[in-house]
2 protein chains.
Amino acid sequence: MPAPPAQPARRGRGRPTRPVLTADGITAEAVRLLEERGQDGLTMAALARRLGVAPSALYNHVATKADVLRAVQDDVNRGIDCSGFADLPWDEALARWAHSYRDAYARHPALVPVMAVTPVDSAPHTVAMYERVCAGLLAGGWPPHLVADVVVAVESFVLGSALDTQAPADIFDPGRLPAPALRAATAARPGGDTARAAFALGLDALLAGLRALRAGAPG
Amino acid sequence: MPAPPAQPARRGRGRPTRPVLTADGITAEAVRLLEERGQDGLTMAALARRLGVAPSALYNHVATKADVLRAVQDDVNRGIDCSGFADLPWDEALARWAHSYRDAYARHPALVPVMAVTPVDSAPHTVAMYERVCAGLLAGGWPPHLVADVVVAVESFVLGSALDTQAPADIFDPGRLPAPALRAATAARPGGDTARAAFALGLDALLAGLRALRAGAPG
DNA sequence: ACCTGAACACCGTTCAAGT
DNA sequence: ACCTGAACACCGTTCAAGT
């Protein structure tokens, strides 16, 4: 959190008597901006305006906008629930983690491509998350050489599902094109939160398959 | 394909004697540009330059850049292999489709967010793809009310996996942060194409789970 | 060291003018 | 109808000048 300066800082146009910005304060404001205004709303200019500062001032604390996104991502990962890996069976822990992970990125879909590609190095909360997940899978008897693949597979499904939450409800409407099977399938689909239903079905299937795979391994 | 004009068109600065551009020609060039220069390389200015035209000329044929991306996406979907749904068991067809789908979007990761969110309406190849997939699942005995969820679940995994192919090899390196389980898991991971290994494991698990679910349904 | 303000090289998009 | 070229309202980023 950006500790509010005891005295109102910065008047003139030189160096302020006390720093106005901190890297953490920039990150916190970026998270808020992303939540309120979405992907396109997070610009360096908008971020600076909300911090009461000229855009160029940000560059004293971050190197690039990608830097800001990485910090925001680590902050989002801080909120993902890994608690199950401490005391639940690995599959139940994985289910809890996957749900929490999906929900977090459904709130921040712009971060999905960032998360899929950004090295974990120097992102402390992200490393802590993976550490708990890997420890839980190892404790659950998964052979070490498969653990990373299991994590990546579940994560790929989670991030794809997070993107899917952004799809409009009528995404599968074929318009005036002929598509009887597609029409039948969408017509038979129950109403409600369809993205959540697809996620639940897929996660159940994925976990059932992983259980079967795990049962075939020693340990 | 943009049929090359029989005579060199366009000299002066008024209306050309023959149209220089077509919507299909713009799409074809956009696909090439995206493959050669990647996401950031696909700008309206670069597209216009390669077509020998001023950027504003594009707007006589497409309404927005998002329009171009939608057309590119439908063109990419044209290349996805749905052949299995005609004569293979549904699970084998789904596996073939998923592999082809993942490979196509691994080549065009910038389209992943587009694909996840864009309505299928007026995208003929995309509608044709979903039609074959749904028909195959219905023919395989899936209850109609589950078909769309199965499609979306597999698709979410595929698109997440396509993004994962863009991750650097050392994405899980925790740097100097303490993370023994994460280190053990990454150290035990065999070399080679790790993204493909994770995709194969996840797809196997997902399909095994879907088979079990399908076996519990009538048909 | 850390801010401001001007500047740079871009974006996507609009629109009057030309044929 | 379909092009050009100028223009608009943006981007992210750099940098000299100020304290």
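FYI, side chains are in, hydrogens and waters are out, and symmetry mates aren't considered; it's all heavy atoms of this structure. To find a chain, count down the sequence lines: A is the first, B the second, and so on, and within it residues start at 1.
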Would you kindly check whether a donor in the side chain of B/Ser56 faces an acceptor in the base of D/dG5, or vice versa, at under 3.5 angstrom? yes
Closest listed nucleotide, where the reference is the side chain of A/Ala54 and the choices are C/dT13, D/dT13, C/dG5: C/dG5
Pair A/Arg132 + A/Asp81: basic N to acidic O under 4.0 Å: no
B/Tyr59 atom OH is separated from C/dT13 atom C1', nearest whole Å, by 5 Å
For A/Thr22 and A/Asp24, test the side chains for any donor-to-acceptor distance below 3.5 angstrom and give the result as yes or no. no
Nucleotide nearest B/Asn60 (side chain, heavy atoms from C-beta), chosen from C/dC3, D/dC3, D/dA1: D/dC3
From CD of B/Gln39 over to C1' of C/dG12, roughly how many Å is that when rounded to an integer? 15 Å
Side chain of B/Pro16 only, heavy atoms from C-beta on: which candidate in D/dT4, D/dC11, D/dC2 is closest? D/dC2
Candidate nucleotides C/dC3, D/dT13, D/dT4, ranked by approach to the side chain of A/Val53 - the nearest: C/dC3
If you measure from CZ on A/Arg189 to CZ on A/Phe172, what distance do you get to the nearest 0.5 Å? 6.5 Å
Please report the distance, rounded to the nearest Å, between CG in A/Leu21 and C1' in C/dT4. 12 Å
Would you say B/His61 places a side-chain N or O within less than 4.0 Å of OP1 or OP2 belonging to D/dC3? yes
Nearest-angstrom distance from the residue atom NZ of B/Lys65 to P of D/dC10: 18 Å
Could you tell me the Watson-Crick or G-U partner of C/dA1, where both distances fall under 3.5 Å? Say none if there is no partner. D/dT19
Please tell me which of B/Ala57 and A/Pro55 maps to the more 5' nucleotide of DNA chain D, matching each residue to the nucleotide holding its nearest heavy atom. B/Ala57
A/Thr43 near the nucleic acid: base, sugar-phosphate alone, or nothing, with a heavy-atom cut-off under 4.0 Å? sugar-phosphate
Between P on C/dC10 and CE on A/Met44, what's the gap in Å once rounded to a whole number? 19 Å
Atom CZ of B/Arg49 and atom C1' of C/dC11: how far apart are they, to the nearest Å? 13 Å
Take the protein atom CZ of A/Arg15 and the nucleotide atom P of D/dT19, then report the distance between them rounded to whole Å. 14 Å
Quick test of your reading of the model: are B/Arg32 and B/Glu29 salt-bridged, counting only N-O distances below 4.0 Å? yes
Between B/Thr126 and B/Asn77, a side-chain donor and acceptor under 3.5 Å: yes
Mind checking who C/dA6 pairs with, Watson-Crick or G-U wobble, both distances under 3.5 Å? D/dT14
Measure the distance from CG on B/Leu69 to C1' on C/dC11 and round it to the nearest whole Å. 14 Å
